[in-house]
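Report on one structure; see the data block that follows.
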Amino acid sequence: RAEAPDPQPPDNIATATLHALDGMAPAGRWASRLTLLRNGYDQRYDDARHRVDLDAYANRALAAFGVNLDSDVTTEFAELMLGYGLTENLTVGAIVPWARTTSRLRLSEAASGGIAAVQGTLSGLGYRPLATRAVAGFSDPTLGTLWRFHRGAQDSAILGFGLRMGLARDDDPDHLADIPPGDGSTDLRFRLEYFRDLGSGWDLRLLGEHQVQLPDEVMARPGGTFSSAREKLKRNLGDYQEFDVELGKTWGDWRVSGTWHRYQEEADRYTSRLGSDTRALSANTDTLADQYRFGITWSGVRAWQAGKLLMPLIVKLELQDAFRGRNFVDVRDVYLRVTGLF
């Protein structure tokens, strides 16, 4: 039988290892994690942090035609993370994400001819007709490394660095319902995590991540939505940070957890070589979101050590919901994560 992924006795495995919180692979072995996500939303938080209908801005423009738009968005997401342990404290690996997003659009009119007028106006500006649209494909993959620079009897700390490669296709400027699987920006990712066993089955996990979004070029409409001109613009998406404060409680092979998550992003910046006014593209792009997560995890590490499983498996189900934000969708996520060591 292969050696256990952690040298500690079965009843004294650190929580970060027992429940695969840290993403580290055992020395000379592989770790894989498959994440499946589904979410949906039909509301958003505006720049004043008020929860509003997703179509509030569009319906102000459509009111002149006597037309109302009602839409909702659903995302199905899959991510495969694969890492190899060069040593007990150094893991290298890759993350490959895939997404399918469906934007369902429903138009209604107060009088006959309103919808036709809207579609004709959009066509004259070079837009495709407003209609339900589903977009699927691979998002931006990441290559990176995790270094556990501290490992004590009750706590550990990890530094991470990654290069996220902007390979996802660009947003289609001619389709208002187009939501690509990724933003296509190449990013530098820096991560710091800290884990501590608090005693009596309680544990604490802290995370901070900073992502530097590198400049690139995209085809866009400098005047924003409902403008006609298209132009290749220099783009610099705002750098962003994510923070987690997670408290967990373990009973045997089971762990429940509650997490406060913060996401914040600086405003996007666009520049035109032709001198076009790009302020409309940057308006209301500085983002803030506070979310909570509740999770339940089952660890099969001890069952594997006892010879009951062919490999260590850890399964986690998690619900995440936004409760406060600015320029962010009011989204609810459901995650299923399966981690295996081999």
Side-chain angles (χ1 to χ4, degrees), residues 41-50 52-73 101 103-109 113-133 135 140 166 168-186 213-240 265-288 325-329:
Y41 54 90
D42 59 10
Q43 292 185 314
R44 61 186 298 272
Y45 292 96
D46 64 13
D47 193 56
R49 306 193 185 196
H50 298 141
V52 298
D53 188 82
L54 187 62
D55 308 305
Y57 170 78
N59 281 326
R60 286 197 293 270
L62 295 174
F65 297 90
V67 172
N68 185 77
L69 173 65
D70 181 30
S71 67
D72 64 84
V73 178
T101 302
S103 301
R104 299 177 185 84
L105 276 61
R106 296 167 292 276
L107 291 169
S108 59
E109 56 190 3
I115 294 176
V118 168
Q119 301 289 32
T121 300
L122 290 175
S123 178
L125 294 172
Y127 287 98
R128 298 179 185 177
L130 281 174
T132 293
R133 181 171 174 81
V135 179
D140 306 310
R169 73 164 185 79
D170 292 335
D171 184 19
D172 184 352
D174 298 336
H175 206 305
L176 293 173
D178 186 68
I179 302 178
D183 60 26
S185 171
T186 295
Q213 305 210 77
L214 302 179
D216 58 6
E217 292 186 338
V218 293
M219 185 65 69
R221 296 173 184 261
T225 307
F226 304 126
S227 64
S228 58
R230 294 179 55 188
E231 185 182 333
K232 178 163 281 191
L233 303 174
K234 292 183 178 179
R235 178 183 72 167
N236 191 351
L237 298 178
D239 296 347
Y240 64 90
E265 181 178 357
E266 301 169 3
D268 302 334
R269 299 181 297 278
Y270 292 84
T271 306
S272 167
R273 291 188 177 90
L274 304 179
S276 303
D277 187 349
T278 62
R279 287 177 294 178
L281 294 179
S282 301
N284 301 333
T285 57
D286 55 319
T287 300
L288 175 70
R326 182 183 66 243
N327 300 321
F328 191 80
V329 293

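Every value quoted in this text rests on a predicted model; they were computed, and no experiment measured them.
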Is it true that a side-chain atom of Ser227 and a backbone atom of Gly224 form a donor plus acceptor pair closer than 3.5 Å? yes
Side-chain (Ser103) to main-chain (Thr132) donor-acceptor, under 3.5 angstrom: no
Kindly give the heavy-atom pair with the smallest separation between Ala58 and Leu69, and that separation in Å. CB-CD2, 4.1 Å
What's the verdict on side-chain contact (heavy atoms from CB on, under 4.5 Å) for Leu62 and Val118, showing C-alpha distance, side-chain angles and the deciding distance? CA-CA 8 Å; Leu62 295 174; Val118 168; 3.8 Å; yes
Side-chain contact test, heavy atoms from C-beta onward, threshold under 4.5 Å: evaluate it for Arg235 versus Asp268 and give yes or no. no
With rounding to the nearest 0.5 Å, note down the distance linking CD in Glu266 to CG in Leu237. 11.0 Å
Pairing of Arg128 and Asp172 as salt bridge, 4.0 angstrom limit: yes
Give the C-alpha distance, both sets of side-chain angles, the deciding distance and a yes or no for salt bridge (charged side-chain N to carboxylate O under 4.0 Å, His left out) between Arg169 and Asp178. CA-CA 11 Å; Arg169 73 164 185 79; Asp178 186 68; 2.5 Å; yes
Quick one: closest heavy-atom pair of Ser71 and Leu54, and the distance? OG-CD2, 3.9 Å
Given Asp46, Thr287, Asp47, Asn284, the one that forms side-chain hydrogen bond (donor to acceptor under 3.5 Å, both in side chains) with Asn327: Asp47
Would you give the length of the straight line joining atom CZ of Arg104 to atom CG of Asp42, rounded to the nearest 0.5 angstrom? 11.0 Å
Between CD on residue Glu217 and CE on residue Met219, distance to nearest 0.5 Å: 9.5 Å
Heavy-atom pair of closest approach, residues Pro181 and Val135: CD-CG1, 4.0 Å
Say you draw a straight line from CD of Glu231 to CZ of Arg273; how long is it, rounded to the nearest 0.5 Å? 9.0 Å
Exercise: identify the closest heavy-atom pair between Leu233 and Ala220: CD1-CB, 4.0 Å
CZ of Arg230: more than 12 outside heavy atoms within 6.0 angstrom? yes
Taking the side chain as every heavy atom from C-beta outward, state whether Leu130 and Leu176 have any pair of such atoms under 4.5 Å apart. yes
As an exercise, state the distance from CD of Gln43 to NE2 of His50, rounded to the nearest 0.5 Å. 13.5 Å
Would you verify whether the NZ or CZ of Arg221 falls within 45 degrees of the ring axis of Tyr127 while also being under 6.0 Å from that six-membered ring's centre? yes
Let me confirm one number: the CG-OG distance from Asn236 to Ser185, rounded to the nearest 0.5 Å. 7.5 Å
Between Ser123 and Gln119, is there a donor-acceptor pair closer than 3.5 Å when you use the side chain of the first and the backbone of the second? no
Minimum heavy-atom separation for Asn59 and Val67, please, with both atom names. OD1-O, 4.3 Å
Would a distance-only check, ignoring hydrogens and angles, find a side-chain to backbone donor-acceptor pair under 3.5 Å from Asp239 to Gln213? yes
From CA spacing to verdict: side-chain contact (heavy atoms from CB on, under 4.5 Å), Arg133, Ile179: CA-CA 9 Å; Arg133 181 171 174 81; Ile179 302 178; over 6 Å; no
Would you find a donor on one side and an acceptor on the other, under 3.5 Å apart, between the side chain of Thr278 and the backbone of Pro222? no
Smallest separation among heavy atoms of Tyr270 and Leu281, with atom names: CD1-CB, 3.6 Å
